[in-house]
2 protein chains.
Amino acid sequence: MTVTIYDVAREAKVSMATVSRVVNGNPNVKPATRDRVNEVIERLNYRPNAVARGLASKKTTTVGVIIPDISNMYYSELARGLEDIAKMYKYQTIISNSDNDAVKEIEIFNNLLSKQVDGIIFLGGTLSDKTAEMIQKSSVPVVLSGTLDQDESLPSVNIDYVNASKEITNKFIEAGVKRFAFVGGGYSEKAQIDVLKGMQTLLSEHGITLPEAAQYIGSEQYLDGEKAYAAIKDTNPEVVLCISDEQAIGIVHAAQDDGKMIPDDLQVISFNNTRLVKMVRPKLSSVMQPLYDIGAVGMRLLTKYMNDEPIEDQKVVLPYRIEYRGTTKK
Amino acid sequence: MTVTIYDVAREAKVSMATVSRVVNGNPNVKPATRDRVNEVIERLNYRPNAVARGLASKKTTTVGVIIPDISNMYYSELARGLEDIAKMYKYQTIISNSDNDAVKEIEIFNNLLSKQVDGIIFLGGTLSDKTAEMIQKSSVPVVLSGTLDQDESLPSVNIDYVNASKEITNKFIEAGVKRFAFVGGGYSEKAQIDVLKGMQTLLSEHGITLPEAAQYIGSEQYLDGEKAYAAIKDTNPEVVLCISDEQAIGIVHAAQDDGKMIPDDLQVISFNNTRLVKMVRPKLSSVMQPLYDIGAVGMRLLTKYMNDEPIEDQKVVLPYRIEYRGTTKK
DNA sequence: ATGAAAGCGCTAACAC
DNA sequence: GTGTTAGCGCTTTCAT
C-alpha cells in the first residue's frame, strides 16, 4: 500500500540504511548512489513516515504551543510570529487553547508530552503555581512568551511593563495630572501587576494616591469597557491606563456617550498594541509592543534549547515604544 | 529512563497486551487486573507514548490545519471554533500558515501527510487548481471551512455569499440607490466572486451597471481602505459593498477625511463580521457570519470522515444574518 | 480473560 | 561508502 523505505531500498538495490542516509542528507553516500536512490524516491513517490522516524530517533520536529485564546488578537499575533520561526527551523506547531486555565494548561501539557514534542512554548498572562511547577520539572524545554514566572527563573521573552508604566505615569504627572485610573483584566494578570507597580511607584513618589475606586479589573473585552468606565467614573479620572486595547476603546466610547470629550476631558492609553489602535477614531495612544517578535524570539530561543545551542540570555526583554495618539493630549 | 508499557506490565505481573487493553479501555479485562494495572500506572507515572501508538495503530489523533494567516481575525475565529471541537473529540491540531499561497499550501499538505495526520482542515479564500487537485487525491479526509472548490465536490462548510449579496443589493435598489461600488481583496477571492455575482445579477435585473472604476481589489487591510476609497470615489458611489471589515473601516475613515458624511453621503457594508464591526463608530453594517461555527462544524464534519461515520451532507451551508448598523441609512 | 509474538517504518550503532 | 541488525514503544492478531 504505502511505500516504505524498504521498497525504495529494494528498487534502488541498496540497503535501508543508505536510503535513510540519502533522505537525511548524510554526506557519506556516493553521488551516483544518491542519484539512483533519489530517482527511485521520486518514481515511487516515497514520503518518509515522520511517526516512525520520531519513534526511532526520539525527535518529532514538533513543538507544542499552549495559548490562552487564538482568537484574541494579541495572542494570534504572537502565534503568527512563533509559527513563522518554527517553520523556518522545520518544526511543526501543535497549538492548543488553554483559556489561561491552570487545569486545561496541565492537561494540554501532558498531551503534548505524550505526543513527544521536542519543546513547548507557553503563552499566557498568568502563570499559576501549579503550571509553573509543572514547567520547572518538564523533561522538554519550555519557553514563556509574553509572560513571566514569579522568580523569573524560566526562559522567557517579554517587554518591561513596569518601565513602560513608569514612563507613561511620569509623563502625565509632569503634565500636571492628579487623578489617575487603572483598568485591567482577562489574561493579563502579570501585566496588570507590573503596570500597577510602575504606576504606584511614581505616584507615591509624587504623593499621589490611586484610590481603590479608580481601579477596575474586568474581562479585557470591548463591551467590558463600558463597565470599566462606569466603575471608575465617580473618581473623575483625568487619565486611565488600560491593559487591553479593546477595553480601552470601550472606555473611550462609553466616556463619549457620557458627554466627555476625548482627550480633553479624559485621556486613555493602552498596553496591548494590537492593530486595533490605529483603526479607531480618535486613534488610541498605546505602548507599541513587538508582538510578532515576542512570539518569534520565543520560538528562536526554544530552538536553541532543543538543539543544545549555547544560550546567552534565558530571559530576553524586548524594547517597546510609547506612541501618544489621539486619545491623549499633545 | 522513561517508563514504558513493558515496565508497567512487569510491575503488575501481566503482559503488555493487558496493559494496552487497560490503557485503551478495552472491556475484556478482569476488574481486579484492571485495578492492579491502574495502580502501577499511577505509581510509575506511566504516560503512553503517542508516537509509538501512532506507528502501531496507524492513527495519530492529530489533524492538520492549513490556514492563510492566524493573525487575521477572521481566520483566528475559525481556528478557535475548530480547535475546540477537535479537543472535544480528543484530536490535537497542527496549525500552519499558508498565506493562501498554493506553493506553501502544497508544502504544508505534504508535511502533514508525512506526520500521518488523520485528517486535514483547509481554510483559505481561494482554492488554486493545484491545491484542489492535491486535495482530491488525498489519502486522508479533507474538509474545507470557509471556502469552496470550483465544482463544489469537496466536503465544505460555508455561508451563501451570493444570496447575502443579492439580499443586500436588493435592499439598496429598493431604497433607490443607483450607484454601487465593490471592494474586495486579499484571501477572499471566492467570496469576491460570489458577492460580485450576487450584485451583478440584481443590478442587471434593474438595468443598473457596475462600472469597472467602481470595483477595487486590494489587500483586505485597514490601510488599504484608503486606496480603495481613492480608487472608487470618482464614480461617486452611494453604497459600497466590501468583503473585509478592516478595509471597510478604512473606507469609512477615508471618506470622512474627504468630507463625506457616513451614512448620508456614502453607505458601507461589509461581509467578514469580525468583532471589529461593533468596535468602531459609527458601527459597521455587516453580514453576520457564524465564524466560530464555520470552523467548528468543519471539524465536526472531519471527525465523521475520520471515524467512518455516515455523512448526511458533505456540503453544509450555514445561515447568515444581515445587520444594518451605523454605516447604512435606516 | 490473558499472553506471546509479529510487526508498524524508521534510525543508529557497528561492522566491513 | 555501504550493509546488517537491533531496537524505538506500542497495537493487534492469534492462541490458549
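All figures in this text were calculated on a predicted structure; none of them were measured in a lab. The sequence lines fix the lettering, A, B, ..., with proteins before strands; numbering per chain opens at 1.
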Quick check: do [X] and [Y] have side-chain heavy atoms less than 4.5 Å from each other?
X	Y	result
A:Pro48	A:Tyr46	yes
B:Asn24	B:Ser20	yes
A:Pro27	A:Arg21	no

query = Can any side-chain N or O of A:Arg80 pair as donor or acceptor with the backbone N or O of B:Ser71 at less than 3.5 Å?
reply = no
A:Lys58 versus A:Gln116, side-chain donor and acceptor atoms under 3.5 Å = no
What is the separation between atom [atom1] on [X] and atom [atom2] on [N], rounded to the nearest whole Å?
X	N	atom1	atom2	answer
B:Lys59	D:dG9	NZ	P	23 Å
A:Leu55	D:dG7	CG	C1'	9 Å
B:Arg10	C:dG3	CZ	C1'	17 Å
B:Leu44	D:dG9	CG	P	15 Å
A:Asn26	C:dA12	CG	P	10 Å
B:Lys58	C:dA6	NZ	C1'	14 Å

Given C:dG9, D:dT2, D:dC8, the nucleotide with the shortest approach to the side chain of A:Val29 = D:dT2
message = Categorize A:Val14 for me: base, sugar-phosphate, or nothing, with a 4.0 angstrom heavy-atom threshold over every strand shown.
response = sugar-phosphate
message = Under the side chain to side chain donor-acceptor pair (under 3.5 Å) definition, can you give me all pairs with a residue in residues 102-113 of chain A, not counting sequence neighbours?
response = A:Asp99-A:Lys104, A:Glu105-A:Thr131, A:Asn110-B:Arg47
Close N/O contacts between protein and nucleotides 10-14 of chain D (under 3.5 Å):
residue, atom, partner, partner atom, Å
D:dC10, OP1, B:Tyr46, OH, 2.6
D:dC10, OP1, B:Asn49, N, 3.0
D:dC10, OP2, B:Ile5, N, 2.4
D:dT11, OP1, B:Asn24, OD1, 3.4
D:dT11, OP1, B:Asn24, ND2, 3.1
D:dT11, OP1, B:Arg53, NE, 2.9
D:dT11, OP2, B:Ser20, OG, 2.7

ask   = Distance check: side-chain N/O of A:Thr2 vs OP1/OP2 of C:dG9, anything under 4.0 Å?
value = yes
ask   = Can you tell me if the side-chain N/O atoms of A:Thr18 get under 4.0 Å from OP1 or OP2 in D:dG3?
value = yes
